[in-house]
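Below is one structure, written out as structure tokens; the observations come after it.
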Amino acid sequence: MRSETRTEPVDDSAPGDGLVKAGVVVFAIGAVATLVTVAPLFLGTDPFPTVAYLVSMLMGVGFALAAAGVLRSVAAQRRQARRGRSTA
């Protein structure tokens, strides 16, 4: 039984996975910043400084990072499919 268990970790991450994960984190930070910057409109308080609005633009940056990760993953899968088709 002991010989059947794997001891080394399996690396099943595809190319682009890191970009997608980073994009999700950056997008979440931007989304929270967007909610914070919009809140004074509803609460009737003074608006935040320009830096807060610049941080909210991270939402778009995160989306672009995640999209780049997906495109990188698609490209890697297409290369792998072409290699498999040419050897068969």
Side-chain angles (χ1 to χ4, degrees):
M1 279 292 223
R2 187 172 205 116
S3 63
E4 294 177 15
T5 59
R6 291 187 138 160
T7 57
E8 65 268 351
V10 177
D11 183 25
D12 57 350
S13 63
D17 283 354
L19 279 174
V20 172
K21 290 176 185 177
V24 167
V25 170
V26 172
F27 183 87
I29 292 169
V32 169
T34 300
L35 291 174
V36 167
T37 55
V38 172
L41 296 173
F42 298 113
L43 300 175
T45 61
D46 291 333
F48 287 103
T50 306
V51 175
Y53 292 97
L54 293 175
V55 173
S56 69
M57 290 186 187
L58 287 176
M59 207 162 136
V61 173
F63 184 80
L65 276 173
V70 168
L71 291 176
R72 185 173 177 194
S73 177
V74 167
Q77 288 177 6
R78 289 184 71 174
R79 280 192 302 271
Q80 185 180 11
R82 283 188 188 138
R83 267 188 263 130
R85 187 174 38 184
S86 65
T87 58

I'd like a table of donor-acceptor pairs (distance under 3.5 Å, sequence neighbours excluded) in which one partner is a side-chain atom from residues 23-39, with atom names and distances.
from : atom 1 : to  : atom 2 : distance (Å)
T34  : OG1    : G30 : O      : 2.8
T37  : OG1    : A33 : O      : 3.1
T37  : OG1    : T34 : O      : 3.0

Show the atom names and distances, to 0.1 Å, of all donor-acceptor pairs under 3.5 Å that link a side chain in residues 43-66 to residues at least two apart or in another chain.
from : atom 1 : to  : atom 2 : distance (Å)
S56  : OG     : Y53 : O      : 2.6

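Looking at residues two or more places apart in sequence or on another chain, you find a side-chain contact (heavy atoms from CB on, under 4.5 Å) between A76 and P15, R79.
Here the CG-CZ distance, from L71 to R78, works out to 11.0 Å after rounding to the nearest 0.5 Å.
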